[in-house]
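Bear in mind the structure is a predicted one, so any value in this text is a computation, not a measurement. In this chain, numbering begins with 1 at the start of the sequence shown.
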Amino acid sequence: MPFKNNYGYWTDNNLLLPDFKEHFETTEISQDSFENYWSLFEKTEDFETELTEFKTQSTGADGGHKYLKSKVDYKGQNREIVIYFTNKSDEQKIAELNKIKIRGKIVDDGIEQSLTLYETKLLNE
């Protein structure tokens, strides 16, 4: 739960962990997962764009997931991007669309790497 100036559950309140779990939606993760997400945290920012040209790819994980590959203008450069959706229902909708509007958390690991968009939501109505 740490976020910017919020230091997290363990320092911001007197609520016991069992009470916290009872009143809030929680997910426990391993220390390795926490460290991985924490290292990404500083490198992510909100990103929203519209795409008319994209390729749909698929994986075999969790019964199969779809993701996109495309190019976007990012900080004045034309960059490749890989887009992962939060909801499987959004993955299914993209097959029927010629133009999509999306928002997610972008990660830039350097100019020699593709950008990655996580937690992507489809904004088309």
> Between I94 and L68, does a side chain to side chain contact (heavy atoms under 4.5 Å, CB included) hold up when you go through it step by step?
Replying inline: CA-CA 9 Å; I94 59 175; L68 302 179; 3.3 Å; yes
> More than 12 foreign heavy atoms under 6.0 Å from CG of N98: is that the case here?
Replying inline: no
> Between L122 and L97, does a side chain to side chain contact (heavy atoms under 4.5 Å, CB included) hold up when you go through it step by step?
Replying inline: CA-CA 11 Å; L122 184 64; L97 301 171; 3.9 Å; yes
>> Tell me whether S70 contacts the main-chain N or O of E53 through its side chain, where contact means a donor paired with an acceptor under 3.5 Å.
In response: yes
> Is K66 reaching over with its side chain to a backbone N or O of F85, donor-acceptor style, under 3.5 angstrom?
Replying inline: no
> Under 4.0 Å between a Lys/Arg side-chain N and an Asp/Glu carboxylate O for K55 and E80?
Replying inline: no
> Which residue, T59, L117, T120, I83, forms the side-chain contact (heavy atoms from CB on, under 4.5 Å) with Y67?
Replying inline: T59
> K71 and N78: which non-hydrogen atoms are nearest, and at how many Å?
Replying inline: CB-OD1, 3.6 Å
>> Is there a side-chain contact between I102 and T49 in this structure, where contact means two heavy atoms from C-beta onward sitting under 4.5 Å apart?
In response: yes
> Does a salt bridge link D108 with R79, judged by any charged N lying under 4.0 Å from a carboxylate O?
Replying inline: yes
>> Restricting to non-hydrogen atoms, name the atom on T86 and the atom on K121 that form the minimum distance, rounded to 0.1 Å.
In response: CG2-NZ, 4.4 Å
>> Under the criterion side chain to side chain contact (heavy atoms under 4.5 Å, CB included), I'd like the reasoning laid out for E45 against K105: C-alpha separation, chi angles, the key distance, then a yes or no.
In response: CA-CA 5 Å; E45 62 183 87; K105 300 284 185 187; over 6 Å; no
>> Test salt bridge (Lys or Arg N to Asp or Glu O under 4.0 Å) on E50 and K99; report intermediate values, then the result.
In response: CA-CA 7 Å; E50 287 187 9; K99 178 179 177 182; 3.2 Å; yes
> Are any of the side-chain heavy atoms of L123 and I100 separated by less than 4.5 Å?
Replying inline: no
> With a 4.5 Å limit on heavy-atom distance, are the side chains of I106 and Y74 in contact?
Replying inline: yes
> To the nearest 0.5 Å, what is the distance between CD (E91) and OG1 (T56)?
Replying inline: 10.0 Å
> Do the charged groups of K101 and E48 touch, with an N to O distance under 4.0 Å?
Replying inline: yes
>> L115 and side-chain contact (heavy atoms from CB on, under 4.5 Å): which single residue from V82, V107, V72, D109 fits?
In response: V72
> With the threshold set at 4.0 Å, does a side-chain nitrogen-carboxylate oxygen contact exist between R103 and D46?
Replying inline: no
> Roughly how far apart are N87 CG and E119 CD, rounded to 0.5 Å?
Replying inline: 11.0 Å
